[in-house]
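Structure record follows, encoded as structure tokens.
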Amino acid sequence: QVQLVESGGGLVQPGGSLRLSCAASGGTFSNYAMGWFRQAPGKEREFAGFISKFGITVYADSVKGRFTISRDNTENTMYLQMNSLKPEDTAVYYCATGLNGRYSASSYDYWGQGTQVTVSS
């Protein structure tokens with residue numbers, strides 16, 4: 001059974017940075033695509049970005065140029081580096097994994113529990 005655990009969330013001022021981590025266990029990490037999604041209060045969960053098993057990254061327009069996804073297959077961990085954070089980035093951030101993970105939440109098989117990111121002065 002694949003398990004994902006996010007960490008690194010917190011409170012940050014506008015313009016600041018945070019790095020989220022997603023630690024995976026229970027599967028062959030290098031075979032899976034990994035994605036980041038976020039859900040703000042009162043809104044639907046939305047795609048933020050993903051990284052393929054080959055290391056190819058794709059981002060939502062809302063975070064492109066500010067967020068960077070990377071993965072370390074030796075540590076079974078994915079990262080989300082978030083720079084130039086805005087109040088509208090406030091959300092619970094979820095990592096997900098699946099053999100065919102892409103843009104839609106339904107393309108992922110396993111999810112973490114989420115970590116809160118709050119951008120506020």
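Every value quoted in this text rests on a predicted model; they were computed, and no experiment measured them. The first residue of the sequence shown is numbered 1, and numbering continues consecutively from there.
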Pair Leu20-Thr115, side-chain contact (heavy atoms from CB on, under 4.5 Å): steps then yes or no: CA-CA 8 Å; Leu20 306 184; Thr115 185; 4.0 Å; yes
Any donor-acceptor N/O pair, Gln39 side chain to Ala91 backbone, under 3.5 Å: no
Working for side-chain contact (heavy atoms from CB on, under 4.5 Å), residues Val2 and Thr97: CA-CA 9 Å; Val2 174; Thr97 188; 3.9 Å; yes
Distance-minimising heavy-atom pair for Gln116 and Val92: OE1-CG2, 3.2 Å
Value rounded to 0.5 Å, distance of OG in Ser62 from CD in Glu46: 5.0 Å
Validation row, ring centre Tyr103 to ring centre Phe47 under 6.0 Å: yes
Heavy-atom pair of closest approach, residues Phe29 and Ala24: CD1-CB, 3.5 Å
Contacts of Arg66 that satisfy salt bridge (charged side-chain N to carboxylate O under 4.0 Å, His left out) - sequence neighbours left out: Asp89
Aromatic ring pairing Trp111/Tyr108, orientation class (parallel under 30°, perpendicular over 60°, tilted between): perpendicular
Distance-only donor-acceptor check, side chains Ser104 and Ser106, under 3.5 Å: yes
Common cluster, Tyr59/Phe50, ILVMFWY with side-chain heavy-atom separation under 4.5 Å: no
Atom of Leu4, atom of Gln113 and distance for their closest heavy-atom approach: O-OE1, 3.6 Å
Shared hydrophobic cluster for Ile51 and Tyr94 (ILVMFWY, side-chain gaps under 4.5 Å): no
Spacing of SG belonging to Cys95 relative to CE belonging to Met34, to within rounding of 0.5 Å: 5.0 Å
Pairs satisfying side chain to side chain donor-acceptor pair (under 3.5 Å), at least one member in residues 67-80, at least two apart: Arg71-Asn73, Asp72-Thr74
Aromatic ring pairing Phe67/Tyr93, orientation class (parallel under 30°, perpendicular over 60°, tilted between): tilted
In one Ile/Leu/Val/Met/Phe/Trp/Tyr side-chain cluster, 4.5 Å: Phe37, Val63: no
Spatial distance of atom NZ (Lys86) from atom OG (Ser84) [nearest 0.5 Å]: 8.0 Å
CD (Glu44) with more than 12 external heavy atoms under 6.0 Å: no
Minimum heavy-atom distance between Ala33 and Arg102, given as atom pair plus value: CB-NH1, 4.1 Å
Expected output: side-chain Thr28 to main-chain Ser30 donor-acceptor under 3.5 Å: no
Short side-chain donor-acceptor distance under 3.5 Å, Asn100 and Ser107: no
Gap between atom CH2 of Trp36 and atom SG of Cys22 - 0.5 Å precision: 5.0 Å
Chi angles and distances behind the side-chain contact (heavy atoms from CB on, under 4.5 Å) call for Leu18, Val117: CA-CA 9 Å; Leu18 276 178; Val117 171; 3.9 Å; yes
Close side-chain approach of Ser120 and Pro87, heavy atoms under 4.5 Å: no
Check against side-chain contact (heavy atoms from CB on, under 4.5 Å), Tyr32 and Leu99: CA-CA 5 Å; Tyr32 290 80; Leu99 285 174; 4.1 Å; yes
